[in-house]
Amino acid sequence: MLLRNVGSIVLLQYATHALGVITSTPEALNPQLTNTIDDKGGPILYYNGSGDVPPYNETSPIPAPFTPLKPTKQTEDFFFNEILAILNNNASSNCTKCMSSTRIMHEAAISQPVSVITDLLIRACNLTHFHVYAATCTAEFSGIGGTGPYWAQLYAKMNGSTGDYQAWCYYNFDTCSVPPTVEIDESLYFSPKPPQASIVPKPSGETINVLHLSDWHLDPRYDIGSEANCSQYLCCRPYSTNNKLHTGVSNASVPASRFGYLYCDSPPDLALSSFTSMPQFFNISDISFAIFTGDIVSHDNDDQLSRAYVEYEENVTYAVFKAKMGNVPIYPTLGNHDSLPEAYNTPNNISPKTAGQSNIFSWNYDLLSSLWQKDGWITASEANYASLHYGAYAHTTAQGLRIISINTDFWYVSNIFNYFNFTNPDQSGILGFLISELEACEAKGQRAWIIGHVLSGYDGSQGLPNPTALFYSIVRRFSPATIAGVFFGHTHEDQIQIFYDFNSTSMNGTLRNTNAIDHNKPLTMGFIGPSITPLTGNNAGYQLYQVDSKTFEIMGIKTYFANVSESLTWTSPVWKFEYDARSTYNVNGTWPKTSPLNATFWNDVTYSMLSNQSIVETYNFLETKSSIVTKNCSTKACGAQKVCYIRSGSGGQGSACPYKNGPF
Ligand SMILES: *[C@@H]1O[C@H](CO)[C@@H](O)[C@H](O)[C@H]1NC(C)=O
Ligand SMILES: *[C@@H]1O[C@H](CO)[C@@H](O)[C@H](O)[C@H]1NC(C)=O
Ligand SMILES: *[C@@H]1O[C@H](CO)[C@@H](O)[C@H](O)[C@H]1NC(C)=O
Ligand SMILES: *[C@@H]1O[C@H](CO)[C@@H](O)[C@H](O)[C@H]1NC(C)=O
Ligand SMILES: *[C@@H]1O[C@H](CO)[C@@H](O)[C@H](O)[C@H]1NC(C)=O
Ligand SMILES: *[C@@H]1O[C@H](CO)[C@@H](O)[C@H](O)[C@H]1NC(C)=O
Ligand SMILES: *[C@@H]1O[C@H](CO)[C@@H](O)[C@H](O)[C@H]1NC(C)=O
Ligand SMILES: *[C@@H]1O[C@H](CO)[C@@H](O)[C@H](O)[C@H]1NC(C)=O
Ligand SMILES: *[C@@H]1O[C@H](CO)[C@@H](O)[C@H](O)[C@H]1NC(C)=O
Ligand SMILES: *[C@@H]1O[C@H](CO)[C@@H](O)[C@H](O)[C@H]1NC(C)=O
Ligand SMILES: *[C@@H]1O[C@H](CO)[C@@H](O)[C@H](O)[C@H]1NC(C)=O
Ligand SMILES: *[C@@H]1O[C@H](CO)[C@@H](O)[C@H](O)[C@H]1NC(C)=O
C-alpha cells in the first residue's frame with residue numbers, strides 16, 4: 001500500500017461519517033497491554049510498543065560509499081548553486097527544472113561522497129519542501145532511517161539515454177509527462193505462443209479450499225484509547241490528533257478500540273481474530289493451503305522504522321501464522337512494506353555491494369526465506385533461491401500446483417531503484433525467473449499460480465509501465481493453458497483484474513505494443529485479495545477460494561469481514577460472512593455451476609457493469625469490504641473508470657484510463 005506517489009487513488013478520507021453506537025469505552029490506558037484473543041502456541045503480541053517490540057532508532061545497512069573523497073563545503077556549494085540557478089530560471093518548465101537538477105545530482109553523485117549528496121538533498125528540500133514524509137527534511141534524508149545514501153546510489157546510476165530522468169520526475173515529482181511504455185521484443189524472452197497454449201483445461205468437478213490472506217500490517221504500537229479518527233496518515237497512536245476537532249489522546253473524538261478502526265493498522269487482537277474467527281465458517285484443517293500476498297509491517301515512515309522492528313514484525317507474524325494454521329502450508333510473497341526503507345530493493349547487479357553479500361538487502365531476504373523454510377512451507381533449496389533472489393521462489397504443492405512467488409517491488413513506483421535503466425523491463429531478472437518456471441510447467445503440463453504483492457495494473461499508479469508490459473506479455477504467452485490464476489494484494493481492497501489477448505494491431509515489426517489488447521478475448525484472472533488491515537477506510541477481510549483440484553481454476557470465492565466501524569461495541573471482534581462471488585455476480589443466472597469463475601465470466605461481469613449501475617455499486621461497496629465510508633460510485637463515468645481499471649493488467653494500460661481525477 002502506498003501513499004507517496006502522485007496520481008494514486010485518493011487513499012485517505014477524513015469524511016465525517018456515522019459511527020456505530022458506543023456501548024463500551026476502551027480499556028483504560030495501560031502500557032502493559034497484550035493480546036486478549038486466544039493465541040495458544042503463538043507469540044504474545046503487545047500494544048503501544050511495550051514488551052519486546054524493538055525501538056526504531058537503528059537503521060538498515062546503508063550502501064557503501066562511491067568515492068574516497070573528503071566532502072568540502074566549496075564543492076557542495078558549487079553543486080547547490082547550480083541547482084538554484086536551474087530552479088530560479090523562470091523560463092524553464094517544471095519538467096525541465098526537475099530533469100536538469102536531477103542531472104546535476106547525478107554529476108555530484110559520481111564525484112562526491114555520500115554526505116554531500118545527503119546535504120544537497122536536505123538543502124533542496126528545505127528550500128522547496130519537496131518529497132517529505134518525515135517530520136523534517138533532515139529526518140527524511142539523514143540519520144535514522146534516512147534515505148539520502150540510497151538516493152545517492154540511484155543518482156550515480158541514472159542515465160538520460162534510458163529515460164531515467166523523465167521517469168523519475170514524472171513518478172516522484174509530478175513534473176514531466178508520463179514516459180512511453182516500451183514495446184517488447186518477445187523473442188528476447190520466450191518462444192512464440194504455440195496453439196496448445198490456448199487450450200483451456202476441462203474442470204474436474206472436484207474442489208479443494210484455499211485461503212487468501214493479504215496485507216496484515218500488524219501495529220505493535222497501536223495505542224488503545226488514542227485518537228482513531230485523526231488527521232495524520234496512521235491513527236491510533238499516542239500522538240494522533242484530529243486537527244479540525246482539536247482532539248487527541250486525552251479527548252479522542254473516536255477513542256481507539258482494542259479491536260481496530262478504519263484509519264488504523266491492525267492491532268494485535270484484530271489481527272489474531274482473523275484466524276480465531278475461521279472455525280465459525282470452516283474447518284482450518286479442510287484448507288489445502290493458503291497464500292499470503294504480503295505486507296506485514298505497520299505503515300510508518302522510514303524514520304520511524306528500524307531493521308530490528310521490521311525483523312520483529314516478520315518474526316512474530318510468521319510465528320502467529322504457523323501457530324494458527326498448523327500443518328496447513330502458507331505460501332507467502334514479499335510486499336513493499338516487508339522491506340526497509342519501504343519498497344527499496346536493489347537488483348543484484350547493482351554495485352557497490354556490501355562485502356560478501358549479493359545484495360545490501362540480503363539481511364531481509366535471508367530472514368524471510370529462513371522463516372518460510374523453518375515453518376515447513378518451502379524446501380531448503382527453494383529458500384536458498386529466495387535468499388539470493390529477493391524472496392522469490394517456486395514450489396509445487398502437495399496437490400501438484402506450481403506456485404511462483406515474485407518480488408513485485410521491481411515494478412513498484414516507490415522502489416527508487418526502478419529509475420535507472422528505466423527502459424529495461426527486467427533489470428532485476430525476476431521476470432526471467434518467472435519465464436523459466438512457466439516454460440518448465442508448460443513442458444510438463446503442470447498448472448501454475450503467480451503470486452505477488454503489488455498488482456501489475458489497475459490505475460497506473462502502482463506498477464511501472466515497462467516491467468508490467470513484459471509481465472503482461474508473459475501472462476498472455478502462458479495463458480490460459482499454463483497459468484491458472486494470478487494473485488496480488490496491496491490495495492487493501494477486494495478487486496479483480498482481467499488479462500486479455502493482444503489485438504491484431506499489437507505487432508510493430510518484431511515489437512509488441514502491450515497496450516493493444518482485445519476486450520473480447522479474456523485469458524486469465526488477477527485476484528486482488530482484501531486486507532486484514534482496515535487502514536484507508538476499509539473493513540478487515542479474507543477470502544476462501546473453492547479451487548478445482550486438477551485445473552486449479554477458481555470455482556468459488558467466499559469473503560469474510562469484520563466491520564471495524566462497530567469495534568467500540570464489541571467485547572471481541574465480530575466476523576461475518578460477507579458475500580459469495582458466484583451468486584453475487586452471476587447476474588443473468590446463465591453461468592453454469594460447473595464452469596469456473598474465470599476471465600470469461602468476469603469479463604461478462606464488466607459488460608454488465610457498463611450497462612447496469614447497480615452492479616457497479618455492488619462491486620464498489622464490496623471493494624472496501626462493505627465499509628461505512630465507501631465513496632459513492634453512482635455515475636456512469638465512475639462505472640466506466642472502474643471497468644477500465646479492471647481491464648488494465650499493466651501500468652501502461654491503467655494510465656490510459658479516463659477520468660483520472662473524477663469528479664464523479
Ligand atoms: C503509549 O506510549 C506513549 C509514548 O511512550 C505514552 O505517552 C502513552 O501513555 C502510552 N499509552 C499507554 C496505553 O501506555
Ligand atoms: C535506541 O534506543 C534504546 C532505548 O530505547 C537504546 O537502548 C539504544 O542504545 C538506542 N540505540 C541507538 C543506536 O541509539
Ligand atoms: C523569477 O520570478 C520570481 C518571482 O516572479 C522573481 O522574484 C525572480 O527574480 C525571477 N528570476 C529571474 C532569474 O528572473
Ligand atoms: C511548477 O512548480 C511550482 C512549485 O512547485 C508550482 O507552484 C507551479 O504550479 C508548477 N507549475 C506547473 C505549470 O505545474
Ligand atoms: C534544513 O532546515 C533545518 C530546519 O530549518 C535546519 O535545522 C537544517 O540545518 C537545514 N539543513 C541544511 C542542510 O540546510
Ligand atoms: C548512458 O547510456 C548510454 C547508452 O546505453 C551509454 O553509451 C553511456 O555510456 C551511458 N552513460 C553513462 C554516464 O553511463
Ligand atoms: C528474528 O528471528 C531471527 C531468526 O530466528 C533472529 O536471528 C532475529 O534475532 C530475530 N529478530 C528479532 C528482532 O526478533
Ligand atoms: C540496461 O538494460 C539493458 C537491456 O535493456 C542491458 O543490456 C544493460 O546491461 C543494462 N545496463 C545496466 C547498467 O545494468
Ligand atoms: C514501430 O516501431 C518503431 C521503432 O522500431 C517506431 O519508431 C514506430 O513509432 C512504431 N510504430 C508504431 C505504430 O507504434
Ligand atoms: C487494439 O488496441 C488499441 C490500443 O488499445 C486500440 O486503439 C485499437 O482500437 C485496438 N484494435 C482492435 C482491432 O481491437
Ligand atoms: C471459462 O470457462 C468456460 C466454461 O468452462 C469456457 O468455455 C471458457 O473458455 C473459459 N475461459 C477461459 C478464459 O478460460
Ligand atoms: C449478462 O447479459 C448481458 C447481455 O447479454 C451481457 O452483456 C453480460 O455480459 C452478461 N453478464 C454476465 C455476468 O454474464
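Just follow the structure's listing: the first ligand is 1, and inside any ligand the first atom is 1. Basis for what follows: all heavy atoms, side chains included, without hydrogens, waters or symmetry-related copies.
- Taking the six-membered ring where tryptophan is involved, the planes of Phe422 and Tyr171 are tilted, since the angle between them lies from 30° to 60°.
- Taking the six-membered ring where tryptophan is involved, the planes of Tyr645 and Tyr458 are tilted, since the angle between them lies from 30° to 60°.
- In this pair, His519 and Tyr500 present their aromatic rings perpendicular. The plane angle is above 60°, beyond the 30 to 60° band.
- Checking only distances, Asn159 does come within under 3.5 Å of ligand 6, N or O to N or O.
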Measure from every N or O atom of ligand 12 to the protein's N or O atoms and keep only the pairs below 3.5 Å, writing each with atom names and distance to 0.1 Å.
| from | atom 1 | to | atom 2 | distance (Å) |
| --- | --- | --- | --- | --- |
| ligand 12 | 2 (O) | Asn588 | OD1 | 3.4 |
| ligand 12 | 2 (O) | Asn588 | ND2 | 2.3 |
| ligand 12 | 9 (O) | Asp604 | O | 2.8 |
| ligand 12 | 11 (N) | Asn588 | ND2 | 3.0 |
| ligand 12 | 11 (N) | Asp604 | O | 3.4 |
| ligand 12 | 11 (N) | Ser608 | OG | 2.7 |
| ligand 12 | 14 (O) | Asn588 | ND2 | 3.3 |

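- Note: an N/O pair closer than 3.5 Å links Asn424 and ligand 8 by distance alone.
- With a 4.0 Å heavy-atom cut-off, ligand 8 is reached by no atom of Lys157.
- Heavy atoms from other residues, nucleotides or ligands lying under 6.0 Å from NZ of Lys193 number more than 12.
- Near Gln427, with a cut-off below 4.0 Å to any heavy atom, the atoms of ligand 8 are 1 (C), 2 (O), 10 (C), 12 (C), 14 (O).
- Looking at residues two or more places apart in sequence or on another chain, you find a ring pair (Phe, Tyr, Trp, His ring centres under 6.0 Å) between Tyr542 and Tyr560, Trp575.
- The aromatic rings of Phe499 and Tyr472 sit tilted relative to each other, their planes meeting at an angle between 30° and 60°.
- The aromatic rings of Tyr545 and His212 lie tilted to each other, with the angle between the two planes from 30° to 60°.
- Aromatic ring centroids of Trp168 and Trp151 lie under 6.0 Å apart.
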